[in-house]
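In what follows, a single structure is set out as structure tokens and then discussed.
Residue numbers start from 1 in every chain, and the chains themselves are labelled A, B, ... in the order their sequence lines are given, proteins ahead of strands.
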Amino acid sequence: MDDEVAPLVEMIGVSKSYGGARAVAEVDFAVRPGEVHALLGENGAGKSTLMKILSGEVAGDAGEILLAGAPVRFAGPAEAQRAGIAMIHQELDLVPALSVAENIFLGREPRTRVGTVDRRGMRSRTRDLLSRAGVDLDAGRPVEQLRTGEQQLVTIAKALSLDAKVLIMDEPTSALSSHEVERLFAVIAELRRSGAGIVYISHRMEEIGRVADRATVLRNGSVVAEFDARRMTAAQASEAMVGRPVHMMFHAESGVADGDGETDELLRVENLAIRRKRPRPGRRDPAGISLSVGRGEIVGLTGLLGAGRTELLETLYGVGSPGAWEGRVLLHGKQIRPRGPRDALRRGIAFVPEDRRVAGLSLEHSVLANTVLSIVDRIATLGAVPRSKERSAATGTAERLGVKLASITSPVGSLSGGNQQKVVLGRNLLTEPSLLLLDEPTRGVDVGAKAEIYRLLGETARTGVGVLLASSELAELIGVCDRVVVLRGGRSVRELNTSEVGEADLLAASMGEGAVMDELAVPGSAGVNEHE
Amino acid sequence: GCGTTSENTEGGQAPAQQKECGGPDGKYTIGMSQANVAEPYRERMDDDIRKAAEAVPQFEVTFADAAKDNSKQVQDVETFMTQQIDLLVISPNEATPLTAVVKKAYDAGIPVIVLDRKVDGDAYTTYIGADNVDIGKQAGEFVATKLLPNGGNLLEIRGLAGSTPAKERSDGFKQGIEGKNITVVGSGDGDWERDKGQQQADALLKAHPDVNVIYSHNDPMGEAAQIAAQNAGKPDMKVVGIDGLPIEAGGIKAVEAGRLAATLVYPTGGKEAIDAAKKILVDCQGDGVQKAQTLPTELVTKENAAGVYAKLNAG
Amino acid sequence: MTEPEQSEVGVADGGRGRDVIAQLFKFQSLFGLVLVFIAAVIISPRKNGEVLFLGSENLFNVVRSVSETGILAVGMTLVILIGGIDLSVGSVLGLASVGASVLLVEDGFGVIPAALLVLAIGLGFGLLQGIASAKFGIQAFIVTLAGMQIARGLARIWSDGQGVSITYGDAPGQAPVLFSLLGERTFNGLVPVPAVIFVVVAVLAGILLRVSAFSRHIYAIGGNEKAARLSGVPVVRVKVLVFGICGLLAALAGIVHAGQLNFGGPNDGSMYELDAIAAVVIGGTSLTGGRGSVVGTVAGALLVGVLRNVLALNGVDPNIQLLIVGLVIVFAAGLQQLRPASVNS
Amino acid sequence: MTEPEQSEVGVADGGRGRDVIAQLFKFQSLFGLVLVFIAAVIISPRKNGEVLFLGSENLFNVVRSVSETGILAVGMTLVILIGGIDLSVGSVLGLASVGASVLLVEDGFGVIPAALLVLAIGLGFGLLQGIASAKFGIQAFIVTLAGMQIARGLARIWSDGQGVSITYGDAPGQAPVLFSLLGERTFNGLVPVPAVIFVVVAVLAGILLRVSAFSRHIYAIGGNEKAARLSGVPVVRVKVLVFGICGLLAALAGIVHAGQLNFGGPNDGSMYELDAIAAVVIGGTSLTGGRGSVVGTVAGALLVGVLRNVLALNGVDPNIQLLIVGLVIVFAAGLQQLRPASVNS
Ligand SMILES: Nc1ncnc2c1ncn2[C@@H]1O[C@H](COP(=O)(O)OP(=O)(O)OP(=O)(O)O)[C@@H](O)[C@H]1O
Ligand SMILES: Nc1ncnc2c1ncn2[C@@H]1O[C@H](COP(=O)(O)OP(=O)(O)OP(=O)(O)O)[C@@H](O)[C@H]1O
Ligand SMILES: [Mg+2]
Ligand SMILES: [Mg+2]
């Protein structure tokens, strides 16, 4: 970009500490009109903190913010918003019981002449915003009924509604699949044309090159590098972030040879169909999913938002939505019907849920407590948990997974997102499962940590564990999995061998555009599963 | 003042080491342990004590409120003992639970005056109180002779289920109307409380619209029942209450104003208690104090209400 | 686990015909009431072929008997919606009834000045509690538990421990006759005044919760306080105001109480807070906040009122009444669970 | 906003010197107690140079006076840790005191069988409430509010509405002398029996919360129930059990109560639940669950006990006492807010 253009907003020498720990240290950062400025860094590097300072949510300890050249001080997010700075939060802060429209206009409700909330206006403006964000949602639907990805789109629509001059997007795509990401990029392009400045934070390196003009890399709270994003390579960026070269250990040699599976079959799902007790409007229940996972095999699950990946994993873990399901699930060749997490865990099935903050962790409790939770009764003697065992299990896991923490007793909520994710993963690995179900396990995880997680998955698989991995990151699926099963509209429509296909094939299969109908590899399943 | 019918002094054992009587030159702290000041009757008892004690320069009274809690009242007495009071006045929430601690105080040489509700045994100096059974009986007799001379039906609004006075006032009333062809067709627990009494009366009157007399275990519930009757289109309802507190918001005024047909004075014994305390501590005539004083009740009707009110507030 | 009360937080427009069931469930809190009502009609005693329970007088009695708790429950609904609780309402009712009586009878205030002053006291008391809870972050339960004691103490001190009887007239020591309108149990021989006040309060609150931006903020705070703050909702101000409204309504209920009984009782209203909370919860409002409606609360209050009334009509032993009311409350609350489960199980 | 009670959920080892402050704050709940204690010594009346408050008899009185609420509060701590609440404990205490008395006096039970039966009733009552709340998903507040009424009704029915006096001896209608040990206010003339029971219960619960796998589950459920379930914690079973334990302890407190007063009072224990909850909350346990300790609860109970005692010793008017206790409770709870702010802003 042209450095001569005056920045919309500029941060000079900004610092912030939590307790003794420096989260942000003397950072200079600027956003210019019409530019997309990527902010990169490992988990815990201080990206969100820096942006929270800019958006008025957190008060910095030192430094100043210049808005159009004049120093400002925001007392809260509302003030920053009035000054034209808006932020899409990493943590999807929405009010579950309120509708999409009400969430979008929360705190800025349009009024009618008599002072009441103008619902109709709110609705119609919401519809416009949603279609701009590229999602077809009912504006009156409570957001708690939406899946994570849909919620993410709502927060994007909400940010758009602010008509901000500076829009901060903190990992806006972490729960989106490629299709929705494309749509978002189109929106970003439009915003940029209108002269807005955008801060874009993401751990998906491939996105940076496509969308950003400039990139700033943070490490341990300080700026360590700046790049012209369009000329930067992923390797360069990763090295700046981590401080050493990162080798993406894709194809981490799972326990099976690539190619045809002469594997020991571990899990086999035949024609799984879920009949929800009370169907929801606008939803299609999974109907006809078949797949198999071998011992030591990593099988991917892909599909668009709402294709049924989460639902499948939840059903296998026994926590699917209430209602009946049909079809057969065989584990080690024996038919099972998991009744719930305890039952599943006893059978050796572990599950890493999609949303770690809601379903994975007790944030105020220590890393230790969260890590050993699934095994406390196993390591207890006469009901008492020996402290030493508990501690060594937790520290061992934290070390093995490379969790960055001040102390094993720090609250999990004080860790960065990626490290939180590792804690959830660690807890599941501690149960020594034979089948590991993962739902978006690298959501919001930095490149370095991703590499470690991939390494761990590979390692785990080599010990004979079967892994079923749902992900929206196609590169990850191609890189890590032996095979990928494509879900569309609640059916398994294709199965692809990752040594033979690329991301484009996966995307095409997910969207169904011109995809060739293949019969699934699972024998005995009801032939062609394609529909629509 | 009102006369006292004195029972003969049962030869109760004297406390182990009765303290020396300090006479008129001493200063005395009296602990008054009240069961529950939330009842107007008991608040009035405290007031009576306060007022009577003001007339005795040697006395200083500390009040405690057990708020209906037996355990709390035990603690209150223990705290008084820590404070080294010279005399205990107690109006127990229940008899048995307070017996032990009253005995402890008595055995420690503290003279104990028990008001309104007895404790078990005889480890106290004197008991002053009225007879709830008798009061209930007089209420019954009044109803039988004046309100329903030819027999008939009535409703009863009772005090808190499980409390002794509620039972006694009910039992006494039954004695009073015995053989008079009078039936209690409905009864409800008003828990001594005005608003509960009203709710109960509302419902009872709906179920028994032909009734013209209500017997209420206390005046506040009775007044509330009267309001309920008005709402039910029966302004002529005759309500008999109990307590007859000589205060503005009390039953005597209600009788005078016609909101109650009659009430029976349930004397607090506050003044009598201070009299006894004075005898014991100041006059050094503890031996002359009877073991039990039963306070007389008095029937208050429209005719004598003003007089009784004046008399009870006179001194 | 939880089901949004769409009726309040946004019209379910995706609705159409296909989810009649969902629509029905929206009125779940009314279901319980309807069931209990039907049961009441069936088991009510009859006299001369007339169902006593259904007598218009009796029905008015029911509404009147719940009107004070009902007014409290409306304020409580707001407090619970923001994830708080207010245990002080019963005591504040007592304080207000004393205040109204003392001002009218002893201090010679007119009806309007007395009422305004008492309402202001309730508002102030609520605001203070709101500040302690919202600004200083002390848990509402504990703040209002203390507030409950403090209001009770104040009421006793103000009234010198004894209740204050209200008589009407122009003489000193008498209250203006205007105030007896509240005491008129039925206005025009038809509608009980307190019931009218209750209904007006409920309707106003219902409208407030439906149309105002303030209400969105209330729901948002209860649903996700952090999100609300980030969206620019003035969280502290909304919370303080809600506690203030609750105190104000408690004072209003206290004035009604004094008018109803011609009496200011310093000990009156004890345990009313539990009745109010029960009404709110039976009405389907979640104690964790963010979900609920005034319609539900009104239904909850009436449900309990109908139940108590018909049990009393039948002369059921009071102890057995306790058991039955307890069981029905659990059952009614349990009914709420039959609603369709939400997405996030 | 929230600070993990590390003392319970894991050893604070990162501690070292640098967070002495954090270590101090861990004992915050004791601070309040220490402050109030010092204040009590200062303002206590003196007689013959002796500080009345510090008399050993008086101190034992204090401990004894809080021992029943204290036992209730220990059970309440567990319930609150899982994010629940139990309003029924006071009534269950009353029920148990009646039960023990009736069994001993009227039904000729021995002390042990009577105690076991009463404890079983308390346990059963708690378990039922737990099932209603955990299994059927009805809010604990409402379940136990109903349970409170039901237990009260049962107590009155069981005792025929009258309190049951206990006399000791071998004759029919007398309770075994063994039971009077509980009534012995001081064992060996030195230590008050109920206080001993309270301390034993608290220590056992403290150990349970520190070492057991069960306690890990309790904290996890209170912290994030959904995550706990997905982690394989048997959520329903743990919750039901916790309510059962709370009921059991309430029954134990009821037996102590009966022994102390030689009396089974069907109306006894009313409002004790609020005292118990206050003790828990003053002790720093969060009503939203997941955070807190028994040490805090004990300190909270003693704080209130010391305060009430010294106010009474000073002959403070009971109504003024209400005000002061209320204000101090808010203040003590406010102290909790001075802790270092936590991670999740
Ligand atoms: N409220 C808080 N209290 C204590 N420490 C905090 C708090 N918020 C952030 N931190 C710490 O500050 C550092 C920076 O965190 P931040 O969330 O800004 O990282 P990030 O770069 O956004 O990471 P991620 O990519 O995982 O989102 C981390 O070490 C984190 O643990
Ligand atoms: N608890 C639920 N309630 C209602 N609908 C649901 C629920 N769970 C899943 N669905 C619907 O079932 C289908 C499959 O959703 P699922 O979340 O499994 O898809 P997904 O591919 O994992 O999508 P995402 O990327 O959002 O996680 C979708 O139509 C979804 O909206
Ligand atoms: Mg971040
Ligand atoms: Mg998913």
Side-chain angles (χ1 to χ4, degrees), chain B residues 34 36-44 46-47 50 63 65 67-68 155 158 160-162 185-210 219-220 223-224 226-233 245 247-251 253-254 257 259, chain C residues 44-45 47 50 52-53 55 57-62 64-66 68 93-94 97 101 105-106 152 156 159-167 173 183-186 189 192 257 260-272 305 308-319 321-322:
Chain B
Q34 182 56 272
N36 179 24
V37 287
E39 289 166 45
Y41 163 76
R42 295 177 178 280
E43 177 69 28
R44 171 70 186 191
D46 280 4
D47 287 345
R50 207 172 277 127
F63 293 86
D65 170 23
K68 280 197 261 190
L155 299 174
R158 303 163 54 107
L160 180 68
V185 289
S187 68
D189 286 6
D191 296 1
W192 306 119
E193 284 166 24
R194 209 173 271 262
D195 47 356
K196 291 253 173 57
Q198 187 186 38
Q199 283 164 22
Q200 292 293 340
D202 273 341
L204 286 171
L205 285 170
K206 193 63 209 165
H208 308 282
D210 45 340
D219 295 334
E223 284 202 57
Q226 179 66 51
I227 297 180
Q230 269 167 28
N231 291 321
L245 283 190
I247 57 173
E248 273 300 325
K253 284 284 182 195
R259 299 195 296 272
Chain C
S44 157
K47 277 244 160 101
E50 192 198 333
L52 292 185
F53 170 75
E57 281 246 1
N58 187 59
L59 291 180
F60 281 138
N61 277 346
V62 172
R64 195 165 49 210
S65 75
V66 300
E68 288 169 28
L93 180 147
S97 84
S101 313
V105 172
E106 295 174 10
R152 189 63 74 202
R156 293 208 186 132
S159 66
D160 266 338
Q162 288 293 358
V164 183
S165 275
I166 305 176
T167 51
E184 292 284 331
R185 315 253 322 151
T186 56
H257 186 82
Q260 283 283 295
L261 297 172
N262 297 331
F263 187 76
N267 300 305
D268 284 8
S270 76
M271 308 291 265
Y272 279 30
R308 292 210 173 124
N309 176 271
V310 77
L311 292 177
L313 278 186
N314 277 292
V316 175
D317 175 87
N319 296 329
Q321 280 191 34
L322 281 182

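- Residue C:Ser101: no heavy atom, backbone or side chain, is found under 4.5 Å from chain B.
- With a 4.5 angstrom heavy-atom cutoff, B:Arg158 does not touch chain C via any of its atoms.
- In summary, B:Asp47 and B:Arg50 engage in a salt bridge, as defined by a charged side-chain N under 4.0 Å from a carboxylate O.
- Proximity to chain B is limited to the side chain of C:Arg156, based on heavy atoms less than 4.5 angstrom apart.
- Using a 4.5 Å cut-off between heavy atoms, B:Arg259 touches chain C through its side chain atoms alone.
- Contact check for C:Asn58 versus C:Leu52: no side-chain heavy atoms found under the 4.5 Å cut-off.
- Contacts of B:Glu248 with chain C are made by backbone atoms alone, with heavy-atom separations under 4.5 Å and no side-chain atom involved.
- In this structure, C:Lys47 contributes its side chain and B:Ala207 its backbone to a donor-acceptor pair below 3.5 Å.
- In this structure, the side chains of B:Val37 and B:Arg42 stay at 4.5 Å or more apart for every pair of heavy atoms.
- Neither the backbone nor the side chain of B:Asp191 comes within contact range of chain C; no heavy atoms are under 4.5 Å apart.
- Although no hydrogens or angles enter the test, the distance criterion places no donor-acceptor pair under 3.5 Å between the side chain of C:Asp268 and the main chain of C:Gly264.
- Contact annotation for C:Asp160: only backbone heavy atoms (N, CA, C, O) come within less than 4.5 Å of a heavy atom of chain B.
- Remark: the backbone N or O of B:Ala38 is paired with a side-chain donor or acceptor of B:Asn36 at under 3.5 angstrom.
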